[in-house]
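Each remark here refers to the structure printed beneath this line.
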Amino acid sequence: PLAVYLNDYQPPAFVVESLELDFDLAAAATEVTTRMAVRRNPEAVEPDAPLRMYGDGVELVSFTVDGAKPAEGLLEQDAEGLLLHGLPEAARLEIVSRCHPEQNTQLEGLYASSGNLCTQCEPEGFRRITFFPDRPDVLTTYRVRLEADRVQYPVLLANGNRVEAGELDGGRHYAVWEDPFLKPSYLFALVAGDLACQRDTFTTMSGREVQLELYVEAHNADRCDHALASLKRAMRFDEEAFGREYDLDVYMIVAVDDFNMGAMENKGLNLFNAKYVLASPDTATDDDFVAIESVIAHEYFHNWSGNRVTCRDWFQLSLKEGLTVFRDQEFTTDCTLFGVKRIDDVAMLRAFQFPEDAGPLAHPVRPDHYAEINNFYTLTVYEKGAELIRMLRTLIGRETFRRGLDVYFERFDGQAVTTDDFVAVMAEVSGRNLTPFKRWYTQAGTPRVTAATSFDGPGGQARITLTQETPPTPGQEHKEPVVIPMRVAFLDAEGRRITAHQKGGEVQDEWVLELSEGEQTFRFEELSDSPTAISWLRGFSAPVILNANQGVDELAHLLAYDDDAFARWEAAQTLFRRAIRSRIEHDAADTALEAAIEHALAALLRDDAIEPVLLATILQLPPTRELAELFERVDPVRLRNERDDLEKRLYMPLTDAMQQIQPKLDDVDNGAFTAEAMGRRQLRNRLLALRVAARDQAAVPEALAQYQKARSQTMRMGALNAVNELDHEARQVLLADFEKRYRDDPLVLDKYFGLQAGSQVAGGFERLDALLEHPGFRWTNPNRVRAVLGPFMARNERHFHQDDGEGYRRMGGFVEKLDAMNPQTAARLAQPLTRWRKVDTGRGEQMRAELERLAALEVSRDLRDVIERALA
Ligand code: B3K
Ligand code: ZN
């Protein structure tokens, strides 16, 4: 496909001074009247350039300029929309156009979902509603009039404040909405539907009362409390942690059943995938509760980082997404315990972003070209982007960073800007040259850092030498060094931090070393004791792969004592990885190593002081996806088997120790939703799963009992997850019961789909077929499709990677089928198929063949872009 390049950016030829949209809404055909006042942009490059209005699948009904039809030849219609030539300095345009919500299965633009009408405009959906200069640097004020059937669509919503409403003849009614804030078209939204409204209020720090309104289908009205409470917590947090106050009088959230992603931050009117709104203890797990809170917060935080200050062009996507993920991570950290949120974020980065950055779809946080922007809403732009913000804060200090954010929001309020603008503010407030740091934005790939240490005798001196290297990625053969903040501490034999100083520096017990060259040495003097262990990359201070060559004893010491939760967890992860590597590379277990790990885990299980949630997190082995990154190519089925076997061997001797903890966790199903209560449930469920994996005979009946007695979805799912890999009657009994219980509850049924599709128990293809035939399954609903196909590809190595290629062919077929309805979701689901160079050659060839089959078909631009990059 044809690519768009960052270097080609030009300011728009016209600015839009104001915009009025009139919608005559109906599911079959909606007529839109667009009135806009345009004026030549003084910053335009060419003084007489035409006005470009994008349109995608929109029918043009009529067009006038200052009340008259444009003269012959001045209005040009092409594949991208409309071009209007010969415009004067300023003009008023009126466009009447038509679109067809009911036929819109792509779920971009205006579409129908469960009988309601709603929109999704980011990034380029507005052009599917009407003709418009649909680019993020065209900002204007919106006045929107919605008219529709009163019975079918009693609720009519758009951005901003409702300024007028009334009844009309013929059973119709209308509402007029005005949004006083400048916004780009991607933040436009409307909803028309039959929805129940749950209300609450929030008083801002300056004492204004904001109406909070949550719209859901009437039968879901009892699942809204958590979302509303989360919203209020997020609003308070943004005031307290970032000084950001909400600006409109009303904040609306609407839950939509058919939605391509998690949610959308439209100004004053967020649209949400119902999955990230609806929750009750019976239907949602603790993880669901946490995810809802974080998505609600994320979209709310966008009101400043994204809406008040937006992106100049889509290359700058991380300007709003990286920053907003950073902000939502800070919020969740604030609500959870003991640094475990940081561990969860790192685990996710490693399992998903690192592979992306090492594969054929690798791209910089600020890409410099794209063929389809929808394919760039990635882990790299979001999660790695958030890591860059975090590193900036580490480098310039918390207070300076906070001051920089204030300056950024104030200076660019109402503007569309770039990641360079953001970094420039941070450079200004800190007085630092951050130009070298910007390589993080332009260079793809995960840097590899090695660390070596030497201690110079009793004088108490230490030397740390760090080196870095970033492997090549597509289109970027040669890499420059980046600025890596490495947070370190030396620990003594009791796990206490040792003090020392760097030449000319103060005495400290923790340092942030700045590695900015290929190799650098850092010297420490007058160490107060001789170190037993070094705690590296504390808090995961940079998104790198570290090799510190630490011995097993040193790692065990960190695992027992490190006061940095990440570093403690990482010590266990390093041991697990080393054991797996040995099994794969030497075809045999390193028995001494595995015995040492078991010993360290046993000590951990005896440790009364460790927080339950941290213990639960540390006990978990890395997932196959992440382990695969240790190898150039690997047989994924074997890797999964070795991982599971290692887990079994390590925990078999520990089943008694695990059993002994369990009674202390008997009261966890108590309906409490504090971080502590959730952490204890997590440990209870982890221990149960590990005991089942370790073949503890008593564990299966316990799982059955836990399921039967469960008063919450968390405990029910805990039991199901524990037995889901067992070819045992217990599994079937529980799953059948679960299916019966939640058959008519789509969001909970998705959990059943995931359990069935993600299980490696024999008969995976038959189960897959049955799920696709299930009355609750629909190809047009992204949640259903993802619930089945996602876990099949992510967790069911045995079937997805079956060595005859059957799994790849099936998934290729499903991607093809879905592509005809919903290209965006299809292109995303195709991604596991792009990793053909990472699996062993036999499988890799089968996977590649399936990609080539798809490449030969007429597929969407979204899917073609992914396939072409995968095959390049
Ligand atoms: N900004 C939206 C994502 C839009 C994705 C379009 N393919 C949600 C978010 O990041 O908050
Ligand atoms: Zn976002």
Side-chain angles (χ1 to χ4, degrees), residues 56 104 106-109 111 118-129 134-136 159 183-189 230-231 234 238 251 253-256 258-277 291-311 313-332 345 365 367 370-386 389 416 419 782 786 822-829 831 860-863 865-866:
D56 178 4
N104 183 352
Q106 299 182 32
L107 315 182
E108 272 200 294
Y111 65 93
C118 64
T119 53
Q120 170 55 37
C121 292
E122 185 181 357
E124 297 178 337
F126 193 72
R127 64 188 64 183
R128 293 170 48 79
I129 300 176
D134 180 21
R135 41 185 285 173
N159 316 83
K183 70 166 175 285
S185 48
Y186 83 83
L187 290 173
F188 166 79
S230 299
L231 175 60
D238 214 15
Y251 192 89
I253 292 178
V254 181
V256 179
D258 305 277
F259 210 71
N260 275 333
M261 63 275 166
M264 179 64 212
E265 70 263 23
N266 317 297
K267 183 77 187 186
L269 177 56
N270 287 184
L271 264 64
F272 268 65
N273 185 328
K275 174 182 164 70
Y276 292 109
V277 174
I292 288 170
E293 180 160 43
S294 108
V295 178
I296 295 252
H298 179 97
E299 306 312 327
Y300 175 72
F301 297 156
H302 267 315
N303 189 55
W304 275 98
S305 47
N307 300 4
R308 290 289 287 259
V309 181
T310 195
C311 304
D313 53 70
W314 293 119
F315 299 102
Q316 319 299 330
L317 184 56
S318 195
L319 175 78
K320 74 178 177 79
E321 295 305 346
L323 180 54
T324 305
V325 170
F326 170 81
R327 278 150 55 67
D328 85 52
Q329 289 176 346
E330 286 294 289
F331 170 65
T332 307
D345 290 339
V365 169
Y370 59 75
E372 170 51 61
I373 184 57
N374 271 307
N375 290 334
F376 283 78
Y377 286 75
T378 58
L379 277 296
T380 297
V381 167
Y382 276 64
E383 267 67 26
K384 187 177 180 183
I389 305 286
T419 55
R786 281 190 289 250
N822 187 334
Q824 197 180 317
T825 297
R828 220 157 253 260
L829 277 170
Q831 290 194 12
S860 69
R861 177 167 54 175
D862 305 59
L863 182 56
D865 170 40
V866 168

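Scope of the values below: all heavy atoms of this structure, side chains included, with no hydrogens, waters or symmetry mates. Atoms within each ligand, like the ligands themselves, are counted from 1 in listed order.
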> Looking at Q824, which atoms of ligand 1 are within less than 4.0 Å of one of its heavy atoms?
Replying inline: 7 (N)
>> Closer than 4.0 Å to some heavy atom of M264 - which atoms of ligand 1 meet that?
In response: 1 (N), 2 (C)
> Going by atom types only, do E122 and Y377 share a side-chain donor-acceptor pair under 3.5 Å?
Replying inline: yes
>> Under 4.0 Å from a heavy atom of K320: which atoms of ligand 1 are those, numbered in the order shown and with their elements?
In response: 1 (N)
> Among all protein non-hydrogen atoms, which one is nearest to atom 10 (O) of ligand 1, and what is the separation to 0.1 Å?
Replying inline: Y382 OH, 2.5 Å
>> If the cut-off is 4.0 Å to any non-hydrogen atom of E265, which atoms of ligand 1 fall inside it?
In response: 1 (N), 2 (C), 8 (C), 9 (C), 11 (O)
> Within the distance-only criterion (no hydrogens, no angle test), does the side chain of N104 pair as donor or acceptor with the backbone N or O of E108 below 3.5 angstrom?
Replying inline: yes
> Considering only the protein, which heavy-atom contact is closest to atom 8 (C) of ligand 1, and what is its distance?
Replying inline: A263 O, 2.9 Å
>> For the backbone of A189 and the side chain of N266, can you confirm whether one donor and one acceptor N or O come within less than 3.5 Å of each other?
In response: no
>> Any donor-acceptor pair under 3.5 Å linking the side-chain atoms of N260 with those of N822?
In response: yes
>> Within the 3.5 Å criterion, strictly below it, is a donor on Y251 or N270 matched to an acceptor on the partner's side chain?
In response: yes
>> Which residue and atom name correspond to the protein heavy atom nearest atom 6 (C) of ligand 1, and how close is it?
In response: E122 O, 3.3 Å
> So which of V295, V325, N374 gets nearest to atom 7 (N) of ligand 1, if we judge by its closest heavy atom?
Replying inline: N374
> What are the atoms of ligand 1, with element, lying closer than 4.0 Å to any heavy atom of E321?
Replying inline: 1 (N), 9 (C), 10 (O)
>> Donor-acceptor pair, distance only, cut-off 3.5 Å: does the side chain of T380 make one with the backbone of V365?
In response: no
> For H302, does its backbone N or O pair with a side-chain atom of T324 as donor and acceptor, under 3.5 Å?
Replying inline: no
> Does any N or O atom in H298 lie less than 3.5 angstrom from one in ligand 1, N or O only?
Replying inline: yes
> Given NE2 of H302 on one side and NE2 of H298 on the other, what angle do they make at the Zn ion (ligand 2), to 10°?
Replying inline: 100°
> Do you know which N/O/S atom name in E321 is closest to the Zn ion (ligand 2)?
Replying inline: OE1
>> When you measure from the heavy atoms of E108 to every atom of ligand 1, does any distance fall below 4.0 Å?
In response: no
> Near K267 NZ, under 6.0 Å, is it more than 12 heavy atoms from other residues, nucleotides or ligands?
Replying inline: yes
>> List ligand 1 atoms under 4.0 Å from H302, heavy atoms only on the residue side.
In response: 9 (C), 10 (O), 11 (O)
> When the aromatic ring centroids of Y370 and F315 are compared, is their separation below 6.0 Å?
Replying inline: yes
